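Per chain, numbering begins at 1; letters A, B, ... match sequence-line order. Please read all numbers here as calculations on a predicted model, not as lab measurements.
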Number of protein chains: 2
Amino acid sequence: MVNSKIKTKIKTKITTGNRPSAEARILLAARHVFMTKGMSGARMQDIADEAGINKALLHYYFKNKERLFDVIFRDASSVFFPKITGIIESTDTLEKKLEKFCCAYIDMMLQNPFLPLFVLTEANKRPAEFRKKFWRTREQVFQKFAEEISTEAEKKKELNINPAHLFLNMISMCIFPFIAKPIWQMSTGMNDKEFREFIDERKKIIPQLIIASLKKKCL
Amino acid sequence: MVNSKIKTKIKTKITTGNRPSAEARILLAARHVFMTKGMSGARMQDIADEAGINKALLHYYFKNKERLFDVIFRDASSVFFPKITGIIESTDTLEKKLEKFCCAYIDMMLQNPFLPLFVLTEANKRPAEFRKKFWRTREQVFQKFAEEISTEAEKKKELNINPAHLFLNMISMCIFPFIAKPIWQMSTGMNDKEFREFIDERKKIIPQLIIASLKKKCL
DNA sequence: GTCTATACTCGGATAGAC
DNA sequence: GTCTATCCGAGTATAGAC
C-alpha cells in the first residue's frame with residue numbers, strides 16, 4: 001500500500017492476523033499525536049513510537065509530515081462538520097430536530113474530545129490553506145439549518161429571530177465546553193466524571209434554551 | 001533592564017525618544033507572533049524581525065524562548081480571565097450586570113481577536129504546567145458569578161436554574177465566535193465588516209437570551 | 001545594549017541493507 | 001515492507017567584538 005493514491009476516508013484496515021496493519025497503526029497514532037500537539041508541536045518520532053514502528057516507515061507510507069497531516073486533518077474535518085441532511089430532512093418538529101442535533105453532536109465530541117480545538121486551531125493558523133485544501137461547500141451545514149429555521153419561524157409568525165445568531169448560539173454552547181474543559185475543571189473543581197455528567201445535562205438544556213429564544217418575549 | 005526580575009504586568013515603556021525601547025518592541029512582537037502561531041509554531045527569528053532587532057538580543061532580554069513565552073502568556077491570561085469584581089459589586093440589577101459583562105468582554109476580544117484561541121490552546125496542551133505556573137485562584141471568576149446568580153434566583157424564586165450552565169452558556173456564546181471566525185465567515189460569506197457588526201449585535205442578544213433562560217418556562 | 005558569527009540540538013527526510 | 005544509519009536544514013542558544 002504505497003502513498004501514491006490519497007485516500008479520502010480513513011479506514012482502519014486489518015491484516016489477516018489480528019493486529020492492525022502498520023498503515024492503520026500509523027494513522028491511529030498520527031491522529032492522536034496531531035490532535036493533542038497540533039501540526040507544529042507534533043513529532044514524527046512520537047508518531048512512530050506510538051505506532052510501534054520507526055520514522056523511515058512513516059515516510060514510506062506518507063512521503064512527509066505535511067501529507068500525513070493532511071490525511072488526518074481531512075478526516076477530522078469531515079467528522080467535525082456534521083452531515084445534518086438526515087436530521088434536517090426528517091419529519092420531526094424543529095424542537096425535535098434541534099434536540100437530535102445537539103445530542104448527536106455532543107456525543108461525537110465526547111468520543112473525540114480533542115477534535116474541536118484541533119480543527120479550529122489549524123483552520124485559524126492557515127485560513128487560506130484551509131479554504132483551498134479542506135473546505136467543502138457541501139459542509140455548509142449552516143445554510144440548511146438557516147433555511148429550516150426561517151421557514152419554521154414564518155409558519156409560526158416568529159420572524160424576530162435571526163437564524164445566524166440562533167445557529168451560532170447553539171453550536172457555541174455545544175462546542176465551547178470541550179475547548180475550555182481543563183480551565184473549566186480547574187475553575188469549578190469538577191473531576192472527569194462530574195464533567196461528563198455536566199455535559200450530558202447540556203444535551204437537554206441547550207435545545208430548550210434555543211427553543212425558548214424563539215419565543216417573541218425572549219429575543 | 002535585564003531579565004533578572006520577572007514582570008507581572010507588561011507595560012510598553014517608552015524611551016526618551018519617540019520610539020519604543022527594544023524591550024517594549026520585543027514584547028509587542030512576541031505577543032503577536034506567539035498569539036498567531038502558538039508556542040511551538042513561533043520562531044525566535046520572526047519575533048526578532050518584527051521587533052527590528054536580532055535574535056541575540058532576544059536572549060539578552062529574556063534568556064530563552066520559554067521565558068519569553070511565559071511573560072507573554074501570563075499577561076494574556078490576566079486579560080482573558082477578567083476582573084469582574086467591579087461589575088459584581090455594583091448596585092445594578094442582574095440584567096444590567098450581565099449586559100455590562102458581555103459588552104466589556106466582547107469589546108476586549110474585538111481588540112484582542114487571537115487571545116481566546118491562544119490561551120485556550122496553550123492551556124489545553126500542557127494543563128499541568130498551566131495550573132502550576134499560570135493559574136491564579138483570584139481568577140476564579142465563575143465562583144463569584146455563581147453566587148450572584150444564586151442569590152438573585154432565590155430572591156425571585158427562580159431556583160430552577162443551574163448557575164454553572166448559565167455562566168458557561170454565556171461565556172460560550174461570547175467567546176466561541178472569535179474562535180470560529182474564519183470558518184464562520186467561509187460558511188456564511190460574511191466579510192470582516194459584516195462580521196464585526198454581527199458581533200456587535202451579540203452584545204445585546206446574549207444577555208437577553210440568558211435572562212430569558214432564567215424564567216421558569218424556558219428551562 | 002546591540003551586533004556578527006558560530007556552536008549545538010533537534011527533527012524531518014533519505015540511502016540502502018535485509 | 002521494515003529496519004539501521006546517516007544526512008542536512010532549521011532553529012535555539014552562546015561567544016565575543018564593538
Side-chain angles (χ1 to χ4, degrees), chain A residues 1-7 12-34 36-73 122 125-126, chain B residues 1-5 7 12-30 32-34 36-73 122 125-126:
Chain A
M1 286 298 108
V2 197
N3 47 49
S4 53
K5 47 190 159 213
I6 291 161
K7 285 181 245 7
T12 33
K13 281 173 291 184
I14 310 290
T15 45
T16 41
N18 50 6
R19 194 191 188 201
S21 70
E23 195 184 8
R25 272 157 34 225
I26 290 171
L27 287 169
L28 223 49
R31 177 148 37 191
H32 179 235
V33 173
F34 276 129
T36 49
K37 308 261 181 77
M39 168 60 167
S40 62
R43 296 287 162 259
M44 294 296 265
Q45 187 63 61
D46 297 341
I47 298 173
D49 291 347
E50 209 172 303
I53 46 108
N54 59 16
K55 279 193 292 177
L57 210 56
L58 289 183
H59 290 89
Y60 172 74
Y61 280 108
F62 295 96
K63 197 83 204 142
N64 56 38
K65 189 180 175 182
E66 202 190 337
R67 292 241 195 129
L68 179 52
F69 173 81
D70 283 0
V71 173
I72 300 300
F73 189 72
E122 301 300 336
K125 298 260 178 268
R126 329 179 220 43
Chain B
M1 287 298 107
V2 196
N3 48 49
S4 53
K5 47 191 156 209
K7 282 179 248 8
T12 34
K13 279 174 292 183
I14 309 290
T15 46
T16 42
N18 49 7
R19 195 191 186 200
S21 70
E23 195 184 7
R25 269 154 39 222
I26 290 172
L27 287 169
L28 222 50
H32 179 236
V33 174
F34 276 128
T36 49
K37 310 261 183 77
M39 168 60 168
S40 63
R43 294 290 162 258
M44 294 296 264
Q45 187 63 61
D46 297 342
I47 298 175
D49 290 347
E50 208 171 304
I53 45 107
N54 58 17
K55 281 191 290 179
L57 209 57
L58 288 183
H59 289 90
Y60 171 74
Y61 280 108
F62 295 97
K63 198 78 203 147
N64 57 37
K65 188 181 176 181
E66 201 190 336
R67 292 242 195 128
L68 179 53
F69 173 81
D70 284 359
V71 173
I72 299 300
F73 189 72
E122 301 300 336
K125 299 263 178 262
R126 329 179 220 45

J.: Quick one: B/F34 CZ to D/dT12 P, roughly how many Å, whole number?
T.: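 Nearest whole value for this atom pair: 9 Å.
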J.: Identify the heavy atoms of B/A22 and B/L57 that sit nearest to each other, and give their distance.
T.: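 So the minimum-distance heavy-atom pair works out to CB-CD2, 4.3 Å.
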J.: Just to confirm, is there a sub-4.0 Å distance from OP1 or OP2 of D/dT14 to any side-chain nitrogen or oxygen of B/H59?
T.: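 Answer is no, no contact under 4.0 Å.
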J.: Between B/F62 (CZ) and D/dT14 (P), how many Å, whole number?
T.: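 These atoms are roughly 16 Å apart.
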J.: From B/K125 NZ over to A/T36 OG1, what is the distance, rounded to the nearest 0.5 angstrom?
T.: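 Reported to 0.5 Å precision, the distance equals 7.0 Å.
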J.: State, to 0.1 Å, how close B/R43 and B/V33 come at their nearest heavy-atom pair, and which atoms those are.
T.: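 What the structure gives for the nearest pair is N-CG1, 4.3 Å.
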J.: Rounded to the nearest angstrom, tell me the gap between atom OH in A/Y60 and atom P in D/dT4.
T.: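 After rounding, the gap between these two atoms is 17 Å.
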J.: Starting at atom CZ of B/R43, determine the distance to atom P of D/dG9, rounded to an integer number of angstrom.
T.: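 Taking CZ of B/R43 and P of D/dG9, I get 17 Å after rounding.
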J.: Hey, does A/A48 reach any base, or is it just sugar-phosphate, or nothing, if we go heavy atoms under 4.0 Å?
T.: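 Since no nucleic acid heavy atom lies under 4.0 Å of A/A48, the category is nothing.
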J.: Does A/N64 reach a base, just sugar-phosphate, or nothing at all? Heavy atoms under 4.0 Å.
T.: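 It contacts sugar-phosphate atoms only.
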J.: Output the rounded distance in Å from CG (A/L57) to P (C/dT14).
T.: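 These atoms are roughly 14 Å apart.
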J.: Counting N and O atoms only, with roles assigned by atom type, does the side chain of A/H32 sit under 3.5 Å from a partner on the main chain of A/L28, one being a donor and the other an acceptor?
T.: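 Side chain of A/H32 to backbone of A/L28: no pair is present.
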J.: For a quick check of understanding: with a heavy-atom distance under 4.0 Å over all strands, which category does B/I53 fall into, base, sugar-phosphate or nothing?
T.: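 Sugar-phosphate, backbone atoms only, no base.
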J.: Hey, does the side-chain of A/K55 have a donor or acceptor N/O within less than 3.5 Å of a partner on the base of C/dG12?
T.: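 Between C/dG12 and A/K55, which were checked side chain against base, a qualifying N/O pair under 3.5 Å is present.
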J.: Provide, to the nearest angstrom, the distance between the CG atom belonging to B/N54 and the P atom belonging to C/dT6.
T.: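 Answer to the nearest Å: 15 Å.
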J.: In this structure, how many angstroms lie between the P atom of D/dA13 and the CG atom of B/L68, rounded?
T.: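 Going from B/L68 (CG) to D/dA13 (P), I get 10 Å.
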J.: How many whole angstroms separate atom CG of B/D49 from atom P of C/dC3?
T.: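 So the two atoms are 12 Å apart, to the nearest Å.
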J.: Return yes if some donor-acceptor pair links the side-chain N/O of A/R67 with the main-chain N/O of A/F62 below 3.5 Å, else return no.
T.: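 Pair absent, no side-chain N/O of A/R67 close to backbone of A/F62.
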J.: For a quick test of reading the model, state the closest non-hydrogen atom pair linking A/M39 to A/E66 and the distance between them.
T.: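 Closest approach of A/M39 to A/E66, heavy atoms only: CE-CA, 4.1 Å.
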J.: Could you walk me through whether A/F34 and A/F69 pass the ring pair (Phe, Tyr, Trp, His ring centres under 6.0 Å) test, one step at a time?
T.: CA-CA 7 Å; A/F34 276 129; A/F69 173 81; 5.3 Å; yes
J.: Between the protein and nucleotides 16-18 of chain C, are there any N/O to N/O pairs under 3.5 Å, and if so, what are the atom names and distances?
T.:
none

